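Below you'll find the structure, written out as structure tokens, and then a few comments.
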Number of protein chains: 2
Amino acid sequence: MLFSTATGYALRALAALPEDGTYCLAKDLSSRLGLPGPYLAKILQGLVQADILASVRGPKGGFRLTRPAHRITVGEVVTAMEGPDAMDGCVMGFPACSGEHPCPLHDAWSAVKSQVSTSMTEATIRDLQLLDIRHKKEAKDRAPNSAQA
Amino acid sequence: MLFSTATGYALRALAALPEDGTYCLAKDLSSRLGLPGPYLAKILQGLVQADILASVRGPKGGFRLTRPAHRITVGEVVTAMEGPDAMDGCVMGFPACSGEHPCPLHDAWSAVKSQVSTSMTEATIRDLQLLDIRHKKEAKDRAPNSAQA
DNA sequence: GGCTATTCGGACTTTTAAATCCTTAATAGT
DNA sequence: ACTATTAAGGATTTAAAAGTCCGAATAGCC
């Protein structure tokens, strides 16, 4: 993967939150997604500090998005998780590599970076929700009787 | 960086080896490149097992390429270091992401992957040597008197 | 032919990321 | 006010990467 596992978990969790402003429990998210519970909880805390999630404690509490899902970009989440210069530097780690002294992968990688950056600023959490829904729907279509065999 | 630091070190070390079949000391390489000596040595060992380097122990020993530099591709080195499926899987770590259920970055990332893969199988260690030489030459041109001020 | 210096090879330690646990604080319902 | 519930935050553990150290092998010398 291009990013850390924590970033992947963050994106999956955000995509799994309900679209109405309902508060959702960390525990529910982790069990639904099959992710390590306490670890996910910590990641969610980070997203609260990044103003992507809001949280309330106590009964009926939980986490929810601070904005509608289509207003939160994937890039924003990645930046919050990985820091602003996650994709800087040479692909191969060549210190000498630069625009003036490009390594053999420099141009390909630059193209890649701008392409991925653009996609990340265009893609939103809403798009990830759609992926998830589509996936589940088709699984259901494949086996319409919920009982096995 | 897209790969581990070890992979970067491996590529830098290979590019720094002499083109004639002369054996070269791990220690020399590390001091020349400013890399942690024993760690580089371990990486070189791995490259020996991958049949990219040959080594002999004892005085006058060291490491050398098993083939001319233009016959060793960057991709081969990366595979040796990172394993064959270093670039598999979804960019964001979405398990549901696939060709049929693409995540919003799927196409951009697929394009990237094939682009980088192609570049990696075309680029050879020889190309990295050239980068290095060019870099040094220009540094020399900037300061023709080797003494500082 | 054995001795010694040199250099690789593999086991060992340190650091960092990933994941867990536990205590504290806040809130809703009783 | 009290209790149950849930996030917040720190302390701890585990796993993996990064980095270090000691023993095996070879060449040259006496």
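As a basis for the values below, the full set of heavy atoms in this structure was taken, side chains included, without hydrogen atoms, waters or symmetry mates. Order of the sequence lines fixes the chain letters, A, B, ..., with proteins taken first and strands second; residue numbering starts at 1 for each chain. Just so we're clear, the structure is a prediction, and the values are computed from it rather than from any experiment.
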(request) Round to the nearest Å and state the distance from B:Leu47 atom CG to C:dC8 atom P. (result) 13 Å
(message) Between A:Tyr39 and C:dT20, is there a contact of a side-chain N or O with OP1 or OP2 at under 4.0 Å?
(response) no
(message) Could you tell me if B:Ser114 and B:Ser117 have a donor-acceptor pair between their side chains, going purely by distance under 3.5 Å?
(response) no
(request) Using a strict cut-off of less than 4.0 Å between a Lys/Arg side-chain nitrogen and an Asp/Glu carboxylate oxygen, indicate whether A:Glu19 and A:Arg64 qualify as a salt bridge. (result) no
(request) Give a yes or no on whether the backbone of A:His106 and the side-chain of A:Ser110 come within a donor-acceptor separation of less than 3.5 Å. (result) yes
Extract from the structure each pairing of a protein N or O with an N or O of nucleotides 9-16 of chain C at less than 3.5 Å, listing the distance.
unit_1	atom_1	unit_2	atom_2	d
C:dG9	OP1	B:Ser55	OG	2.7
C:dG9	O4'	B:Arg57	NH1	3.2
C:dG9	N7	B:Gln45	NE2	3.4
C:dG10	N7	B:Gln45	OE1	3.2
C:dG10	N7	B:Gln45	NE2	3.1

(message) With a 4.0 Å cutoff (strictly under), does any side-chain N or O of B:Thr5 reach OP1 or OP2 of D:dA18?
(response) yes
(request) Starting from C1' on C:dT20, measure out to CD1 on A:Ile43 and report it in whole angstrom. (result) 13 Å
(request) Indicate, with a heavy-atom threshold strictly under 4.0 Å, whether B:Tyr9 touches base, sugar-phosphate, or nothing. (result) sugar-phosphate
(message) What is the distance, to the nearest angstrom, from the CG atom on B:Leu53 to the P atom on C:dC8?
(response) 11 Å
(message) Rounded to whole Å, how long is the line connecting atom CG of A:Leu40 with atom C1' of C:dA19?
(response) 11 Å
(message) Do the side chains of A:Glu76 and A:Arg71 get close enough for a salt bridge, i.e. N-O under 4.0 angstrom?
(response) no
(request) Would you classify B:Gly62 as touching base, sugar-phosphate or nothing, given that sugar-phosphate means primed atoms plus P, OP1 and OP2, and contacts are heavy atoms under 4.0 Å? (result) sugar-phosphate
(request) Look only at the side chain of B:Thr66 and the backbone of B:Asp51, and say whether a donor-acceptor pair between them is shorter than 3.5 Å. (result) yes
(request) Return the value, rounded to whole Å, for the distance between atom CE of B:Met81 and atom C1' of D:dA16. (result) 15 Å
(request) For A:Leu35 and for A:Pro59, find the nucleotide of DNA chain C with the closest heavy atom, then tell me which residue's nucleotide is more 5'. (result) A:Leu35
(message) Need to verify one output field. Residue with the more 5' nearest nucleotide on DNA chain C, A:Lys60 or A:Ser4?
(response) A:Ser4
(message) Without decimals, in angstroms, what is the distance between A:Lys27 NZ and C:dC21 P?
(response) 14 Å
(message) Testing the 3.5 Å rule here: is there a donor-acceptor pair between the side chains of B:Glu122 and B:Thr73?
(response) no
(request) State whether the side chain of B:Glu82 and the backbone N or O of B:Ser4 hold a donor-acceptor pair below 3.5 Å, judged by distance alone. (result) yes
